[in-house]
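Count residues from 1 along the sequence. Please read these numbers as outputs of a predicted model, since none were measured by experiment.
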Amino acid sequence: MSKELVVVEAVKDNNGAYVKPDRKTETPDNIAFLPNASEPYVVHITGYDAGDSIPDGKYYAAFYDPDTQKFLGQFIAVPGFTVAGESTPGNVQVTPTDVGGDVTLGDNSSTTTAGSATTGSTTGSTTGSTTGSTTGK
């Protein structure tokens, strides 16, 4: 049996709370992020902008056996975190109007990153790396 760490995105219940996945009903299609082949126990959550806050329980981690396509053990909530860096407007442009001006972003935004993300829950915080890549999401 082989195993690797994977991350699934939790669904919300009718009250808007994230629901812990159940290994008996989850399928491989529910995997949001896979590990790199060289690091089976490291998963990089990607696709967010600097400064984005990810709440506790939006993602759950679990072991997965790719040979049997089964989840192993229990799903554990990923603590909430804020993506490193800050979002900064880029290419700010103004178009004069008859009452002032319309300010727009020519390229939406630029990002400055610091190389780490702040993680934590209601009981504390830690720092973890956000560098790397993954397949998924």
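Across A61 and L5, no two heavy atoms sit closer than the pair CB-CD1, 4.0 Å. Residues A37 and P40 approach most closely at O-CD, 4.2 Å, considering heavy atoms. Shortest non-hydrogen contact noted between E9 and A32 is N-CB, 4.0 Å. Closest non-hydrogen pair, A84 versus A50, comes out as O-CB, 3.1 Å.
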Task: Derivation of the side chain to side chain contact (heavy atoms under 4.5 Å, CB included) call for L34 and E4 - done: CA-CA 8 Å; L34 296 165; E4 59 189 22; 4.0 Å; yes
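In this structure, L72 is a member of the same hydrophobic cluster as Y41, with clusters built from ILVMFWY side-chain heavy atoms closer than 4.5 Å.
Two residues are said to be in side-chain contact when any heavy atoms from C-beta on lie closer than 4.5 Å; V92 and L105 meet this criterion. Within the 4.5 Å cutoff, the side chain of N91 has heavy atoms near those of the Q93 side chain.
Taking the six-membered ring where tryptophan is involved, the planes of Y64 and F71 are tilted, since the angle between them lies from 30° to 60°.
When each of V8, V7, V6 is paired with F75, the side chain to side chain contact (heavy atoms under 4.5 Å, CB included) condition holds for V8 and for no other.
Once rounded to the nearest 0.5 Å, the distance linking OG1 of T82 with CG of D52 reads 9.0 Å.
Side-chain atoms of D56 come within 3.5 Å of backbone N or O of G80 as a donor-acceptor pair. A donor-acceptor contact shorter than 3.5 Å is absent between the side chain of N36 and the backbone of E39. In terms of modelled atom types and a separation under 3.5 Å, the side chain of D65 and the main chain of Q69 share no donor-acceptor contact.
Sorted by first and then second residue, the side-chain hydrogen bond (donor to acceptor under 3.5 Å, both in side chains) pairs with a member in residues 14-30 read T27-N30; sequence neighbours excluded.
For D67 and S2, the side-chain atoms include at least one donor-acceptor pair closer than 3.5 Å.
Under the ring pair (Phe, Tyr, Trp, His ring centres under 6.0 Å) criterion, Y60 pairs with no residue at all, not counting sequence neighbours.
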